[in-house]
Structure formats: C-alpha cells, structure tokens
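To start, the structure itself, in structure tokens.
Note that ligands are numbered from 1 as they come in the structure, with each ligand's atoms numbered from 1 the same way. Since the structure is predicted, the reported quantities are computational estimates derived from the model, not experimental observations.
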Amino acid sequence: MISSGLPYPYDAPVSAALLGRARAVTPGGVNSPVRAYRAVGGTPRFLTAGRGPYVTDADGRDYVDLVSSWGALLLGHARPEVIDAITRAAGAGTTYGAPTQVEVELAEAVVARTSVEQVRLVSSGTEATMSAVRLARGVTGRDLIVKFAGCYHGHVDALLASAGSGAATFALPGTPGVPAAAAAATLVLAYNDRVAVAEAFAVHGERIACLITEAACGNMGAIPPDAGFNQFLAETCRRYGAMLISDEVMTGFRVHRSGWWGLDGAVEGWQPDLVTFGKVLGGGFPAAAFGGRADVMAQLAPEGPIYQAGTLSGNPVATTAGLTTLGLATDDVYAQLDRTSTALGTLVDKALDAEGVPHVTQWAGNLLSTFFVEDAAFVDEATGGRPGEPVRDFAGAQKQALHRFRAFFHAMLAHGVSLPPSAFEAWFVGAAHDDAALDRVASALPHAARAAAAARPETAGGLR
Ligand SMILES: *Cc1c(COP(=O)(O)O)cnc(C)c1O
C-alpha cells in the first residue's frame, strides 16, 4: 500500500474483487466503457449507495461525486421527493405498455420549457438521436449527416464516425462493426468552425438531411459554442433545406430550465428543427426524448409513415422520476448550480496556480472542465500563465497533458473526491453540492495539484 499520509489508501480490495467477478461475465467488467477507468488506470470503484452529493463504494469509503451519473442527476442522489414519487409509482405497477397520464405530463413539461411543440419519449439518449436522425432523413428524403469531431451523440452507427483526413471529406467508421457505407454518409467537421460548415454545405448541401451538434459540448470536456455559432448552424441548415438537430441529452434541463437553448436560441430568437433530451429528463431512470415542430413530428408513426417504437417508452416509473425532477428544478436551483460550478472552478484554478500547473478551466453553462493544456496557445507564459485561449474544439482538447490529469484524478480520489475518469469529460455539480462538499473538494485540491505538478509522462497511471 502506498497510502502514507492519505485519508484513503489507493487500493480498493472489495471493488477489485468485484471487478474480477465482473470481468468473467461482462466485457471489461463494465456495462459502459468509460466506467472501467482505462483512461486513468487503477480499479474502478464499485458503488453501493449515493446520498446527496456523496457516493459510497464497496470498500466503505465515501466520495464527493462530481460525476453525477454523467450529468443525469441534477438534484443529488436519492432526493427524498423523487424517491417518494417513484416508490408510489412502482407500487401501482411498473410498466403497462399502454399510455399513462404521467407521460402526458412529462411531455407537457418539456414542451412548456423548450422550443419543441411535440415530443416522443424513448429510453436512452442513443435511441433519441438515432430516431431524430431517422426522422430528419425521412422528412427530407436525403441521406447525409453532418456532425462535429468530439461531439458524442450515443453509439449510433452513423454518429460513431470519426473524422477523415481532410476537412469536409466523408468519415471513416469510428469502430469495427460500423459498415463503411454507414460512416460514409457522415461528414465530420471541426467544432466552432464556420468556414468548414459553409464549405461542406456549399459542396453537399442539397444532399444533407441534417446537421447534429451538441447544443454545447460536454463530451470532449466543457466547450461552449462561440457566440452565434448555433444560430449560424440553424440559418445554414434552413438555407439548404436540412434539419438542425440540437442534441441536448447532456445540457437539457441541466444548464437552464430550458436547456442550452434557454441560454442562446431563446435569447437570439431562433429554433432548432429537432432536439434530443435524456439524462436529467429521466431523473435517474432510463428515459429520453426527441421533439420538434408538430408538422415534423407528425411524420412519425402512427400519424405518419416514419417508424419508431419502444416497449418501455414512457415507462411510468421513469417518467415519474423525470417529472418530479423537473418540478423541483426551479430557476433558483439553476442559479445555485451556476454559483457552485463557478466556485468549484475557482478552487481548482487557485490550487493549480499555486503549484504552477498549466491549465485552462472553462465552462459551458454549469458544465465545467479543467484542461491540462500546456501549449502556448492556451497558456501564455508571457502573461503569467493564464488565461490564454479557450479550448474551442476536439483538436484543442487533444492537446492535454493526460499524465497530469491521471495524477490529479487519482489524488482527488484518494482524498475523497470522485471526478469523471477521463480528461475528455465535463464535471457535473448538482443541487446537493453544498458548502461541506465544496470544503472537502477544497482540501483535496492542493494534494491533487501537487500530484499533477509532479507527474511525468512516463508515469502513466498517475500515482501508482
Ligand atoms: C449521454 C449522451 C448521449 C447518449 O445518451 P445515452 O443515454 O447514454 O444513450 C447522446 N448525446 C449526448 C450529448 C450525450 O451527452
């Protein structure tokens, strides 16, 4: 054990034993890859409980949770009102495969808060984006999709495409198992690059069914759109008769009561054609949705010819969790999340500055990322280190010194703070992150900053 002076030792024997069992029956021992800690090394913690801003692992340690189920939890773990509501719902039966009132109420809540006129409920964000793309292709009668490098839209074949060599060339399969033909219908462009978008539409515009973008990026770290970028996308799509799909699976009901659109589209007066929701929408259960204008949504079965369905879609327990969560997500809650996220980033900056660790902390609404970038473009030595340029795209995010993040991550974990186990993820706060939780983060940070400062590229795996 390397644990001298640490509140928690680095090893986690119960989690390690569970991982061994898990690996025998599940690929990599996990049901979603990033949970396996491959990007940071070490043993993923198997969790047994969550309470407010804390999670407890199988070894009996608790952590301030800055993963928040990858953004799905807005109100912290086991919020009593949500637990009461779902307990009552479950007692009345967990699924019927028939319409229920709570589905109507959740759809009404989404329509009331966002730009969409109608929604269809599904069970995961992947299902939402897959269905939105099908709807866009069906309505436009076109096949091509435009997406941005570093944006994640679930594991849909055409959306796992990775960038080809040049700008505005067709993509390559992002994973074995995606047919080349599926990837070849996708153009992958650099985020925040208006010129690339204009060029792609100039060449292929008549064949483009849709452009899909994260409303603000969270899946390559927190990277906001440049001012006016989303509006530019909406206008470009309109000019060419393509649809703009704004993927708000991560940002929807998290950064504002109306999602990211509440921070730009509602202010600037434009609307996406289709929007996808998930994560917070399900209140900790598998529920997601896609929506848009009523005339577009009317093309879906049974109103229209485009097929889409789901046995558990609109599940009464999941929709109850989502509806109860949205009901508790008042403007005050969003203001509090903004304050918490600002305070957290300020603490991180202070600790890293004290150790002279080059980095850029930035926000997309209340999504927060610290990028360990050392490049002069980001961290200007002449001006004392910070602030330099923000990270604006995937190429920028890839310039991180990953060994520093790994060391930082493990030191935070050893001091009772659980960060997303990858340098390409946003950190998530919730309504339950109070002063006590922030105090714990503040006392962990100096240790993590020292670990990051001491990290060397060859010590991949951080402090082990
Ligand atoms: C998480 C996420 C998805 C996929 O949602 P799942 O529920 O994991 O299938 C899609 N788009 C964005 C922007 C996401 O953050």
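Remark: ligand 1 atoms within the under-4.0 Å shell around heavy atoms of His153 are 10 (C), 11 (N). Proximity to Gly154 (heavy-atom distance under 4.0 Å) selects the following atoms of ligand 1: 3 (C), 4 (C), 10 (C). For ligand 1, the atoms lying closer than 4.0 Å to a non-hydrogen atom of Ser124 are 7 (O), 9 (O). Close approach of ligand 1 to Glu214 is summarised as follows: ligand atoms under 4.0 Å from at least one heavy atom of the residue are 13 (C).
With a 6.0 Å cutoff to the six-membered ring centre and a 45° limit on the axis angle, Arg404 does not count as a cation-pi contact of Phe372.
Nearest non-hydrogen protein atom to atom 14 (C) of ligand 1 is Lys279 NZ, 2.9 Å. Here the protein heavy atom with the shortest distance to atom 11 (N) of ligand 1 is Asp247 OD2, 2.7 Å. Nearest protein heavy-atom neighbour of atom 5 (O) of ligand 1: Gly125 CA, 3.2 Å.
Under the 4.5 Å side-chain criterion, counting only non-hydrogen atoms from C-beta, Leu66 is in contact with Val417.
Looking only at distances, no side-chain donor or acceptor of His204 sits under 3.5 Å from a matching main-chain atom of Phe201. Within the 3.5 Å criterion, the main-chain N or O of Trp260 finds a donor-acceptor partner in the side chain of Glu248.
Relative ring orientation between His410 and Tyr37 is described as perpendicular, the plane-to-plane angle rising above 60° on a 0-90° scale split at 30° and 60°.
Looking at Glu303 and Gln299, their side chains never bring a donor and an acceptor atom within 3.5 Å of each other.
Atom 8 (O) of ligand 1 is never approached by the protein to below 4.0 angstrom, counting heavy atoms only.
Polar contact with ligand 1: present for Asn219 (N/O pair, distance under 3.5 Å). For the pair Val249 and ligand 1, the shortest N or O to N or O distance does not fall below 3.5 Å. Taking distance alone, with nitrogen or oxygen atoms compared against 3.5 Å, Thr126 approaches ligand 1 more closely than that limit.
By the criterion of a heavy-atom distance under 4.0 Å, neither the backbone nor the side chain of Thr276 is placed next to ligand 1.
Asp226 and Arg392 are joined by a salt bridge, as a carboxylate oxygen and a charged side-chain nitrogen come within less than 4.0 angstrom of each other.
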### Task
Might you work through the salt bridge (Lys or Arg N to Asp or Glu O under 4.0 Å) test for Asp143 and Arg207, ending with a clear yes or no?
CA-CA 7 Å; Asp143 287 347; Arg207 296 166 60 214; over 6 Å; no
